[in-house]
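Note sheet for the following structure.
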Amino acid sequence: QVQLVESGGGLVQPGGSLRLSCVASGSIFSIVAMGWYRQAPGKQRELVASINSGGSTNYADSVKGRFTISRDIAMNTVYLQMNSLKPEDTAVYYCNGKIYSSITTYYDPWGQGTRVTVSS
């Protein structure tokens with residue numbers, strides 16, 4: 001079993017910054033990729049950013065140049081640095097992992113979500 005726990009959300013003014021963290025725990029053999037998604041009220045969940053085992057990253061067009069995804073391999077942790085935040089970034093942010101707990105056992109867990117509110 002693998003679990004993801006996010007932290008770091010909160011209320012921030014437009015133009016401000018926040019850093020989200022997501023820690024993977026449990027029986028982890030290898031992490032193929034981890035990513036951040038968000039879901040705003042009345043909207044579908046969307047990919048914000050992802051990073052794979054080779055370190056390659058992918059971003060939604062709406063956050064390019066403002067958000068940065070990074071990882072600490074030793075700590076099984078992924079971060080999302082969010083700068084120049086806009087009201088439209090307001091959403092619940094979820095961490096997702098593509099994780100093997102053994103050579104043959106694969107998990108696709110989600111975290112519980114952390115709320116980000118951008119408002120003056």
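Note that the structure is a prediction, hence the values are computed from the model and not measured.
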Contact check, side chains of Met82 and Arg66, non-hydrogen atoms, under 4.5 Å: no

Gln44 atom CD, neighbour heavy-atom count above 12 within 6.0 Å: no

Same cluster (ILVMFWY, side-chain, under 4.5 Å), Ile51 and Tyr94: no

Side chain Thr90, main chain Val118, donor-acceptor under 3.5 Å: yes

In one Ile/Leu/Val/Met/Phe/Trp/Tyr side-chain cluster, 4.5 Å: Val63, Leu80: yes

hydrophobic_cluster_shared for Ile28 and Leu4, side chain cutoff 4.5 Å: yes

hydrophobic_cluster_shared for Val48 and Val12, side chain cutoff 4.5 Å: yes

Side-chain heavy-atom pair Ser27, Ser102 within 4.5 angstrom cut-off: no

Arg71 side-chain N/O to Asn52 backbone N/O, donor-acceptor pair under 3.5 Å: yes

From Leu20, Asp89, Leu11, residue fulfilling side-chain contact (heavy atoms from CB on, under 4.5 Å) relative to Val116: Leu20

Note, Val92 side chain near Arg38 side chain (heavy atom, < 4.5 Å): no

Steps toward side-chain contact (heavy atoms from CB on, under 4.5 Å) verdict (Phe29, Thr105): CA-CA 9 Å; Phe29 176 70; Thr105 305; over 6 Å; no

Closest approach of Trp36 to Cys22 (non-hydrogen atoms, all atoms of both residues): CZ2-CB, 3.6 Å

Side chain to side chain donor-acceptor pair (under 3.5 Å) contacts touching residues 73-85 (sequence neighbours left out): Ser17-Asn83, Gln81-Asn83

CD1 on Ile73 to OG on Ser30, rounded to 0.5 Å: 11.5 Å

Pro109 backbone acceptor or donor facing Asn96 side chain under 3.5 Å: yes

Distance in Å, Gln1 CD paired with Ser101 OG, rounded so as to fall on 0.5 Å steps: 8.5 Å

Rounded distance (nearest 0.5 Å) linking atom CD of Gln39 with atom CD of Glu46: 9.5 Å

Separation of Ile99 CD1 from Gln3 CD (nearest 0.5 Å): 9.5 Å

Mutual orientation of the aromatic rings belonging to Phe67 and Tyr93 [parallel < 30°, tilted 30-60°, perpendicular > 60°]: tilted

Value rounded to 0.5 Å, distance of CD in Gln13 from OG in Ser119: 8.5 Å

N/O donor-acceptor pair under 3.5 Å between Gln112 side chain and Val5 backbone: no

Flag, side chain of Tyr59 to backbone of Ile69, donor-acceptor distance under 3.5 Å: yes

Salt-bridge present (Asp61, Lys64; N to O < 4.0 Å): yes

Minimal non-hydrogen separation, Val78 against Cys95, with atom names: CG1-SG, 4.0 Å

